[in-house]
S.K.: 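Pasting in a structure now, in structure tokens, and then I'll have a few things to ask.
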Amino acid sequence: MAIARKRPTMIELQPTFCPGCGHGVASRLLAEVIEEKGLLNNFVMAMGVGCCASMRRHWGGEILQCAHGRTAAAARGLKIGRPDTCIVTYHGDGDAYVIGLQETLNAAYTNSNITMIVVNNTNFAMTGGQMSWTTLPGQKTTTSTGAGRQSGVPIQVPEMIVNSFPDVAFVARGSTYCAAEINKTKKLIQTAVDCQIQNKGFSLVEILCQCPTNWGMTTQQACNHIRDVVTKYYPLGILKDVEGDGRQ
Amino acid sequence: MMYDAFDLSEKYRVPVEILSEGSLGQMVEPCVMPEFKEGPGEFDWAYTGKYRHCRAIDLELMPMYDVVNCSEYLRRKHNRIMENEQRWESFMLEDAQYVLCSFGLTSRVTKETVKMLRDRGEKVGMIRPISLWPFPMRAFSELPDTTQALLCVEGNDTGQMIEDVALACKATHRDLPIYLMATGQFTATTRGIIETCAKMKAGELKEVF
Ligand SMILES: Cc1ncc(C[n+]2csc(CCOP(=O)(O)OP(=O)(O)O)c2C)c(N)n1
Ligand code: SF4
């Protein structure tokens with residue numbers, strides 16, 4: 001059988017995400033972009049705590065395992081120490097938007113020249129699927145029944161950043177629920193990394209990912225759920241591009 | 001201590017925390033800055049961005065990924081720090097019957113008091129722990145045989161070091177009564193410490209440990 005896509009160098013061993021998990025696709029896209037841009041020898045990933053942390057068991061390349069939520073701050077430190085190295089954070093919404101909200105906003109506020117990749121699966125997946133600030137109204141989690149007013153209005157950090165800090169370089173939202181969106185998301189990651197290489201400033205790509213395990217769904221149901229429900233609250237697309245529309 | 005903080009953190013690859021005092025922000029006094037030092041250059045563990053193979057494969061290099069050896073590795077590092085990095089100042093300990101333990105701003109007053117009491121012929125000394133962790137256990141193993149009691153003089157309301165002092169005595173097999181003078185709302189005075197010492201000697205103070 002012909003191999004449709006080459007396995008990226010960085011994915012050295014079999015990943016241990018659950019079958020159907022969006023993390024597998026999102027992290028692979030990052031690995032492809034870094035390799036295609038010739039950055040394999042000039043790249044450090046600042047890794048958050050969450051399901052992404054299992055990547056240290058199969059990823060090559062340089063990974064800095066940060067304390068939970070401190071990822072954006074650690075990435076800024078790396079960038080200060082290695083201004084010519086591409087520094088990308090990779091973490092979940094719990095890490096970047098809840099425990100690490102301060103670090104994320106501070107990186108955006110200072111327009112730090114780093115790239116953040118945030119996997120939004122609307123829950124704290126690794127610890128067993130607890131409610132997060134991204135949990136949608138009516139969503140059942142292990143700490144909320146989905147009935148009544150248990151959760152607040154889910155936080156939209158990309159929108160918050162774009163509205164509060166208009167000087168940031170690039171902010172966008174993609175998803176891994178279908179092939180077309182996966183291809184678009186790859187372009188978003190490419191643009192975000194380009195912004196950093198060209199010293200344009202802060203870039204963030206949020207990726208809506210399916211978490212079949214904690215959503216109690218099959219992979220297909222979970223993908224449909226993103227398409228039909230999650231994207232209604234978290235619309236896909238580019239929220240801010242310092243180059244205007246010219247690039248796309 | 002700032003230089004040490006960076007050097008130690010890079011030597012052992014651990015975070016180092018400096019616990020400072022609010023009073024430092026409210027006082028003025030001359031100080032001599034240490035000589036400017038050049039950084040040590042690149043470390044072999046530094047992040048450079050160069051590709052490394054998945055470290056889960058190389059447990060020698062990254063013991064943190066090896067659940068069994070990780071504990072052993074951390075214990076070894078921990079013990080090495082406990083062995084090498086205890087810091088303290090001992091003052092006039094020789095033949096001391098009473099030893100005052102104090103840290104930070106309060107320790108300046110305590111030291112002054114020890115000098116005053118020695119001038120009066122009283123056999124007192126002082127231990128001033130400098131490192132909070134590793135706590136300077138060794139300072140207490142050097143207590144002279146003449147020591148009868150310890151008094152912790154602390155600039156807080158509840159006594160935050162006294163438990164460590166008690167543990168240090170236990171670890172060095174010295175069963176000494178330990179008393180507390182805690183002054184959180186004001187800075188201890190030499191007169192206050194002298195009065196407390198007198199009460200302690202007269203048996204009017206209740207021991208904490
Ligand atoms: C300081 C700290 N608090 C809490 C935890 C426990 N913890 C581990 S992963 C996690 C949630 C991660 O959620 P998210 O970032 O959304 O990633 P996901 O697992 O969903 O991909 C939490 C709370 C921790 N490791 N450290
Ligand atoms: S728990 Fe969810 S996010 Fe974590 S690996 Fe499994 S499917 Fe993916």
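Within every chain, numbering begins at 1; the chains are lettered A, B, ... in the order of the sequence lines, protein sequences first and strands thereafter.
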S.K.: In terms of heavy-atom proximity below 4.5 Å to chain B, should Met55(A) be classed as side chain, backbone, both, or neither?
M.R.: neither
S.K.: Table please: side-chain donor-acceptor pairs of residues 38-47 of chain A below 3.5 Å, with sequence neighbours left out.
M.R.:
{"residue": "Asn41(A)", "atom": "OD1", "partner": "Tyr51(B)", "partner atom": "N", "Å": "2.8"}
{"residue": "Asn42(A)", "atom": "OD1", "partner": "Thr85(A)", "partner atom": "OG1", "Å": "2.9"}
{"residue": "Asn42(A)", "atom": "ND2", "partner": "Asp84(A)", "partner atom": "O", "Å": "2.8"}

S.K.: Going by residue number, which parts of residues 100-114 of chain A are within reach of chain B, meaning a heavy-atom gap below 4.5 Å?
M.R.: none
S.K.: Does any heavy atom of chain B fall under 4.5 Å from the side chain of Leu78(A), the backbone, both, or neither of them?
M.R.: side chain
S.K.: With sequence neighbours excluded, tell me which residues meet side-chain contact (heavy atoms from CB on, under 4.5 Å) with Ala125(A).
M.R.: Cys51(A), Asn121(A), Asn123(A), Cys211(A), Asn214(A)
S.K.: Counting only heavy atoms not in Lys199(B), do more than 12 fall under 6.0 Å of its NZ?
M.R.: no
S.K.: Mind checking side-chain contact (heavy atoms from CB on, under 4.5 Å) for Arg80(B) and listing every partner two or more places apart, or none if nothing turns up?
M.R.: Tyr12(B), Asn84(B)
S.K.: Please check if atom NZ in Lys170(B) has more than 12 non-hydrogen atoms from other residues, nucleotides or ligands closer than 6.0 Å.
M.R.: no
S.K.: Using modelled atom types only, decide if a donor and an acceptor are shared between the side chain of Glu62(A) and the backbone of Tyr47(B) within a distance under 3.5 Å.
M.R.: no
S.K.: Return yes when atom NZ of Lys37(A) has more than 12 non-hydrogen atoms of other residues, nucleotides or ligands closer than 6.0 Å, and no otherwise.
M.R.: yes
S.K.: Is the number of heavy atoms from other residues, nucleotides or ligands within 6.0 Å of CD (Gln148(B)) greater than 12?
M.R.: yes
